[in-house]
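Worksheet: one structure, shown below.
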Amino acid sequence: MNKTILKKSLYIGGSYVEGSSYKSLRSPHSGEVIAEIPVGTREDMRRAIDHAAEAAKVMAKTPAHQRAAILQNVSLLLKERKEEAARILTLEAAKPLSVARGEIARTIETYQFAADEARRLHGETIPMDASAMGENRIAYTVRRPVGIVGAITPFNFPFNLVAHKLGPAFAAGNPVILKPADQTPLSAFFIAELFEQAGLPAGALQVVTGRGSEVGDELVCDERVKVITFTGSPEVGKSIREKAGLKRVVLELGSNSGLIIDEGFDIDPIIKRTVTGAFTYMGQVCISLQRIFVHRSLYDTFVDKFVAETKNLRIGDPGDETTDIAALISQKDVERIASWVKEAEESGARVLTGGVENNVVKPTVIVDAAPEAKVCAKETFAPVVVITPFDTFEEAIDAVNDSTYGLQAGVYTNSMEHAFQAAELLDVGGVMINDFPTFRVDQMPYGGVKESGVGREGIKYATEEMTELKLVCFNRNR
Ligand code: NAP
């Protein structure tokens with residue numbers, strides 16, 4: 001029996017436009033073709049930018065209460081269709097269903113936060129007479145929309161990370177051109193449909209699929225685009241920054257997040273949570289727990305309990321309710337991570353549990369790895385965690401900081417002094433005291449230092465990035 005394959009179109013200027021060529025989108029789990037996706041061209045992207053320039057004028061005149069209402073409508077519409085949305089994630093990204101449902105619940109909230117932010121956006125009055133030259137002047141600032149926003153997104157949270165770009169951009173009154181990751185375009189088309197239904201003006205959201213190096217590059221290089229908001233790998237992030245010219249660039253990049261478990265901490269209640277931090281969505285999370293540093297007095301017990309809990313994770317079809325671990329996003333990534341684990345073993349590391357089965361990397365726990373081994377020093381973006389003992393707290397802080405990345409870090413400690421020390425000395429964008437580094441809620445400021453990025457997301461912070469601060473000054477001197 002022939003199955004009908006879904007054929008998608010580019011979404012440009014409020015219309016669905018056929019692509020000049022198409023690419024088959026395959027399920028990472030089954031390898032089956034699940035849709036035909038248009039391969040947009042540079043010309044398609046230039047057309048989208050033309051439309052966005054028109055939509056920018058409409059959006060700039062759309063009052064805050066209307067922008068808020070649109071965002072709130074999207075949040076409600078997504079709530080109504082949440083199961084369908086979760087199934088899209090399972091299909092195109094092999095995200096286990098329970099994790100996919102969690103992402104949709106967060107996305108519903110993220111759009112709600114954006115609606116709130118649209119209503120709250122404001123400037124301030126400036127105390128002009130604080131300077132003798134400012135006497136008899138009244139000045140205030142307003143936050144104006146910046147203009148066209150180019151959003152380039154990764155495969156791993158295709159609903160919620162897209163919401164972290166669309167929500168703030170619309171809250172601030174800007175149009176957006178979205179270039180989703182090659183593997184996850186269906187979620188992008190789905191959300192565009194909801195925005196259309198929610199009353200967003202035509203052309204204010206456009207979705208252009210295609211190669212990052214072509215349509216993404218065109219978006220980055222066009223001078224009419226005022227902000228590039230990118231989430232993805234450091235390699236691509238750096239190349240975008242080099243090409244973006246004077247436009248504002250927000251980069252949310254990778255990490256090899258570290259966790260310290262201090263002397264005397266009761267480890268039993270945190271075993272499940274640390275296993276979750278390391279292996280949720282097969283470690284394909286930017287703040288996935290990759291390096292665990294445990295005080296030597298707790299090390300052996302922690303390792304035994306962590307490995308035992310890891311072995312309870314269920315491998316299977318991402319569409320099954322009970323599956324914890326499914327296929328990695330691509331065979332290329334399976335091969336990459338297998339070679340990194342082999343390299344670590346060759347230099348003396350021991351794999352306590354793990355292995356590869358077809359397109360699945362089993363949750364892998366490594367000990368005795370050298371800090372310069374790729375499984376420690378680079379971002380694995382796979383279900384691989386390394387556990388290392390330490391003797392002094394200072395040593396543990398140095399070990400977490402010994403990284404080219406700095407997104408978030410976690411510390412479990414009973415010592416107030418150590419907690420303050422960690423808060424002060426960890427060179428990261430966010431420090432989680434008595435939690436894993438994988439903690440995030442969507443209103444908090446979120447972003448990294450070093451190769452983990454530039455700028456902050458979290459709705460309020462990202463909305464500010466998508467505005468221009470304008471000063472208005474009245475002179476009352478005659
Ligand atoms: P990626 O390969 O860097 O791709 C991200 C996006 O960039 C995709 O849409 C991609 O398009 C596009 N792209 C590729 N080359 C480009 C170019 N030359 N110019 C413009 N755009 C280009 O990342 P990924 O594999 O999808 O995602 C994994 C990475 O994202 C990890 O490093 C992870 O840590 C990071 N991440 C960070 C955060 C955070 O908030 N800090 C959150 C999630 C993920 P194609 O797919 O068409 O190539």
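Each ligand, and each atom within it, is numbered from 1 in the order the structure gives. Owing to the predicted nature of the structure, the values given are computational and were not obtained by experimental measurement.
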min-distance protein heavy atom vs atom 28 (C) of ligand 1 -> Phe381 CE2, 3.4 Å
Please report whether ligand 1 has a polar contact with Asp182, defined as an N or O pair separated by less than 3.5 Å (distance criterion only). yes
Among non-hydrogen protein atoms, atom 12 (C) of ligand 1 lies closest to Ile152 CG2, 3.6 Å
Contact check, Phe157 vs ligand 1, heavy-atom distance below 4.0 Å = no
Atom CZ of Arg241 with >12 non-hydrogen neighbours under 6.0 angstrom
no
Task: N/O separation below 3.5 Å, Phe155 to ligand 1 - done: yes
Between the OG atom in Ser452 and the CD1 atom in Ile287, the distance rounded to the nearest 0.5 Å is 10.5 Å
Test side chain to side chain contact (heavy atoms under 4.5 Å, CB included), reference Phe230, set Leu251, Leu219, Val454, output is Leu251
Can you see whether Thr404 engages Lys378 through a side-chain donor-acceptor pair at a distance of less than 3.5 angstrom? no
Checking contacts now, so for atom 32 (O) of ligand 1, which I'm interested in, is there any protein heavy atom under 4.0 Å?
yes
Exercise for the section: Taking atom types as modelled, find out whether Ser24 and Glu36 have a side-chain donor-acceptor pair closer than 3.5 angstrom. Expected result: yes
the protein heavy atom lying closest to atom 6 (C) of ligand 1 turns out to be Thr153 O, 3.4 Å
closest protein heavy atom to atom 10 (C) of ligand 1 is Lys179 NZ, 4.0 Å
Review point. Less than 3.5 Å between some nitrogen or oxygen of Leu253 and one of ligand 1, yes or no?
Key: yes
closest protein heavy atom to atom 35 (C) of ligand 1 is Gly232 O, 3.2 Å
Does Lys450, at its NZ atom, have more than 12 non-hydrogen atoms belonging to other residues, nucleotides or ligands within less than 6.0 Å? yes
Check: Hey, do the aromatic rings of Phe195 and Phe170 have their centres closer than 6.0 Å?
Finding: yes
- Item | Test item, Gly210 contacting ligand 1 (heavy atom, 4.0 angstrom) | yes
Q) What do you reckon, does Ser213 put a non-hydrogen atom under 4.0 Å from ligand 1? A) yes
Worksheet item: Any side-chain donor-acceptor pair under 3.5 Å between Arg47 and Gln206?
Response: no
Counting from 1 in the order shown, the ligand 1 atoms closer than 4.0 Å to a non-hydrogen atom of Pro180 are 9 (O)
In ligand 1, the atoms that come under 4.0 Å of a heavy atom of Gly254 are 32 (O), 34 (O)
In this structure, atom 42 (C) of ligand 1 is nearest to the protein heavy atom Cys286 SG, 2.9 Å
Under 4.0 Å from one or more heavy atoms of Asn156, ligand 1 contributes atoms 43 (C), 44 (C)
> More than 12 foreign heavy atoms under 6.0 Å from NZ of Lys362: is that the case here?
Replying inline: yes
Among Ser330, Gly150, Gly429, Gly212, closest by heavy atom to atom 48 (O) of ligand 1 is Gly212
- Message: Distance alone, cut at 3.5 Å: any donor-acceptor contact between the side chains of Asp442 and His164?
- Response: yes
Numbered in order shown, the ligand 1 atoms found under 4.0 Å of a heavy atom of Leu161 are 42 (C), 43 (C)
for atom 27 (O) of ligand 1, nearest protein heavy atom and its distance come out as Pro154 CB, 3.3 Å
For atom 34 (O) of ligand 1, the closest protein heavy atom turns out to be Glu379 OE2, 2.5 Å
Answer yes or no: does an N/O atom from Ser233 fall short of 3.5 Å to an N/O atom of ligand 1? yes
Q: Using distance alone, with no hydrogens and no angle criterion, decide if Tyr11 and Glu196 have a side-chain donor and acceptor under 3.5 Å apart.
A: yes
Quick look: Ile287 vs ligand 1, heavy-atom contacts under 4.0 Å, and the answer is neither
